[in-house]
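Each chain gets a letter, A, B and so on, in the order the sequences are listed, and its residues count up from 1.
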There are 2 protein chains.
Amino acid sequence: MSLACSTCPVRDRAACSVLGEAEREELAKAGRTRKLAKGETLFTAGMSAASCATLLSGALKITSTDADGRERILSLVHPSGFVGEMFAPYMRHDVVALGDSELCVFSGPAFAEAIDRYPKLSQALLRRTQEDLFASRELLALTGNASAEQRVSGALLSISRAASDSPCHLASRFDLPISRGELADMLGLTIETVSRMLTRFEREGAIRRDGKRGIELVDPALLPLS
Amino acid sequence: MSLACSTCPVRDRAACSVLGEAEREELAKAGRTRKLAKGETLFTAGMSAASCATLLSGALKITSTDADGRERILSLVHPSGFVGEMFAPYMRHDVVALGDSELCVFSGPAFAEAIDRYPKLSQALLRRTQEDLFASRELLALTGNASAEQRVSGALLSISRAASDSPCHLASRFDLPISRGELADMLGLTIETVSRMLTRFEREGAIRRDGKRGIELVDPALLPLS
DNA sequence: CGTTCAAATTGCTGTGCCGCAATCCACAAA
DNA sequence: TTTGTGGATTGCGGCACAGCAATTTGAACG
């Protein structure tokens, strides 16, 4: 199935936005849209098909499962984000939909060919991959030797920043895109500890909670490590 | 100072190896060699010059320092590895030499121009950056919710793999490239804990230590998580 | 409006790692 | 040889987080 790029919700933010109209329509012929329901799996670690995709709407998580069966969230993917393997013959991590999502999927070889044909596309992906790399290292730094308090507050600030329009501005009111359990998996903590930290922050007047997912930053300066 | 690519030790492994002889010599005019002594700093987080480099010999660490002044190692860089910022106006992390090292340094804009001119170069960098991204996520998974025992054994196996010729084969005898303290910083542990785990592994017969850096894998199956 | 069930919260107890401090060890210089 | 020095090891006490269990919350449904 061919895609209607003209109505694509991430038309001007995705990697393919660096292409001209004609080039983009040409690329679209190699891809197809796919819808995922919440919790549905896009890729499984070890699966042998090289494949990749741009996220159009919804949200994804990239995870790995350790020997004990515990899941670790390695990255969150937001609309216009890119996931998958163009070169490697197998998937290295699991990719699962956090909520109902829509994607633009390409086969690995087809996308590799597109990269050959359109130098701008590989540059755009390089930039995006470098951003992902730094995001991963930020998370690594955050979960490294920080206390639970610092991790949760760091995650709150990071999510708040992602929720606002500009990446250097905090949204004072936002919804957590993930559950307590998922937040815990991402920070290397337990559900209970995350919950306790949020309770502490609220008691200290730094935040206010609105329902299970809603967060209001009352006084960000009270959060550790700011 | 111009470079003699013909004598470059990573001539056929670095990103620029995808270029033809003529193109490579052309690129070399934009770069210069630089030697770093052990412990010397190449980039400091926040510094405002966009710059990047290929490591020719030695080893580097990419680190971040948190609010408490504790250092966290985010990545190790081996010869033919690439570091720095081509696009962002400032450095995001510190880059320090682990031992005496030699680099091929480019200014950010000059390298960005080279990427524009040589599509193959941006593809090679894309591939390399994706590898770095997965390495970062592997480390994230390792340090996530694993016990100190699992982290140290995971690091031993990973380093052993890196020390052997093939990436899927374990070297039974190798030297740790970093000190206890650096290993601890990388795993989010303390020097003492790393030391205790190594002592435990030796007492259980899994490894034998030879001096401060030497490690012999006697029975890898005894290491947790294998 | 009540019912239902998963998710979140809270309390309690155990423990694994940290942090400090005292050695110990290997190596180098005198 | 002695002395010095930096890293590594070991012991010990404290605390932050994990793990379990009971309870509460709140969102979706009939």
Mind checking whether A:V83 and A:L55 have side chains closer than 4.5 Å, heavy atoms only?
-> no

First of A:D210 and A:T193 reached from the 5' end of DNA chain D, by closest nucleotide | A:T193

Which value, rounded to the nearest 0.5 Å, describes the distance between B:L126 atom CG and B:L133 atom CG?
-> 10.5 Å

Between its two end axes (five pairs each) the helix from C:dC1-D:dG30 to C:dA30-D:dT1 turns, nearest 10 degrees, through 40°

Considering just the side-chain nitrogens and oxygens of A:S195, establish if one lies under 4.0 Å of OP1 or OP2 belonging to C:dT10.
-> no

Which ones in residues 175-184 of chain B lie close to DNA chain C, meaning a heavy atom under 4.0 Å from one of its atoms?
-> none

For residues 141-149 of chain B, which residues have at least one heavy atom under 4.0 Å from DNA chain C?
-> B:S147, B:A148

Indicate the atoms forming the closest heavy-atom contact of A:L56 with A:P9, along with that distance.
-> O-CG, 3.7 Å

Identify the 5'-most and 3'-most nucleotides of DNA chain D with at least one atom closer than 4.0 Å to a non-hydrogen atom of chain B.
-> D:dG6 to D:dC12

Which residues share a ring-ring contact (aromatic ring centres under 6.0 Å, His included) with A:F82, sequence neighbours left out | A:F111

Examine C:dC17: is either OP1 or OP2 under 4.0 Å from a nitrogen or oxygen in the side chain of B:T190? Give yes or no.
-> no

Once you round it to whole Å, what is the distance between P of C:dG16 and CG of A:L189?
-> 18 Å

Has the side chain of B:E202 got a donor or acceptor atom that lies under 3.5 Å from a matching backbone atom of B:R209?
-> yes

Straight-line distance of A:E138 CD to A:E131 CD, nearest 0.5 Å | 10.5 Å

Assign B:R151 to base, sugar-phosphate, or nothing according to its heavy-atom contacts below 4.0 angstrom with the strands shown.
-> nothing

Please, which pairs that meet ring pair (Phe, Tyr, Trp, His ring centres under 6.0 Å) have at least one residue in residues 164-205 of chain B, sequence neighbours excluded?
-> none

When all nucleic acid strands are considered with a 4.0 Å heavy-atom cut-off, which category describes A:R203: base, sugar-phosphate, or nothing?
-> nothing

Between A:D185 (CG) and C:dA8 (C1'), how many Å, whole number?
-> 15 Å

Pairs in or reaching into residues 52-64 of chain B: which pass salt bridge (charged side-chain N to carboxylate O under 4.0 Å, His left out), with residues at least two apart or in two chains?
-> B:K61-B:E71, B:K61-B:E182

So what does B:R200 hit on the nucleic acid, given a heavy-atom distance under 4.0 Å: a base, only sugar-phosphate, or nothing?
-> nothing

Would you mind checking if B:R173 and B:D175 are paired as a salt bridge, meaning a charged N to carboxylate O distance below 4.0 Å?
-> yes

Output the distance between atom CG (B:L187) and atom CG (B:D185), rounded to the nearest 0.5 Å.
-> 9.0 Å

Quick one: does A:S160's side chain have a donor or acceptor within less than 3.5 Å of a partner on A:L156's backbone?
-> no

Atom pairs, N/O to N/O, protein against nucleotides 20-28 of chain C, distance under 3.5 Å?
unit_1, atom_1, unit_2, atom_2, d
C:dC20, N4, B:E192, OE2, 3.0

Partners passing salt bridge (charged side-chain N to carboxylate O under 4.0 Å, His left out) against B:D219 (at least two apart in sequence or in another chain) | none

All pairs passing side chain to side chain donor-acceptor pair (under 3.5 Å) where residues 36-52 of chain B contributes a residue, at least two apart | none

What nucleic acid atoms does A:G188 come within less than 4.0 Å of, heavy atoms only: base, sugar-phosphate, or nothing?
-> sugar-phosphate

Which residues share a side chain to side chain donor-acceptor pair (under 3.5 Å) with B:R13, sequence neighbours left out | none

Quick one: pull up OG1 in A:T199 and CD in A:E192 and give me the separation to the nearest 0.5 Å.
-> 12.0 Å

Return the set of residues passing side chain to side chain donor-acceptor pair (under 3.5 Å) with A:D100 (not counting sequence neighbours), or none when no residue passes.
-> none

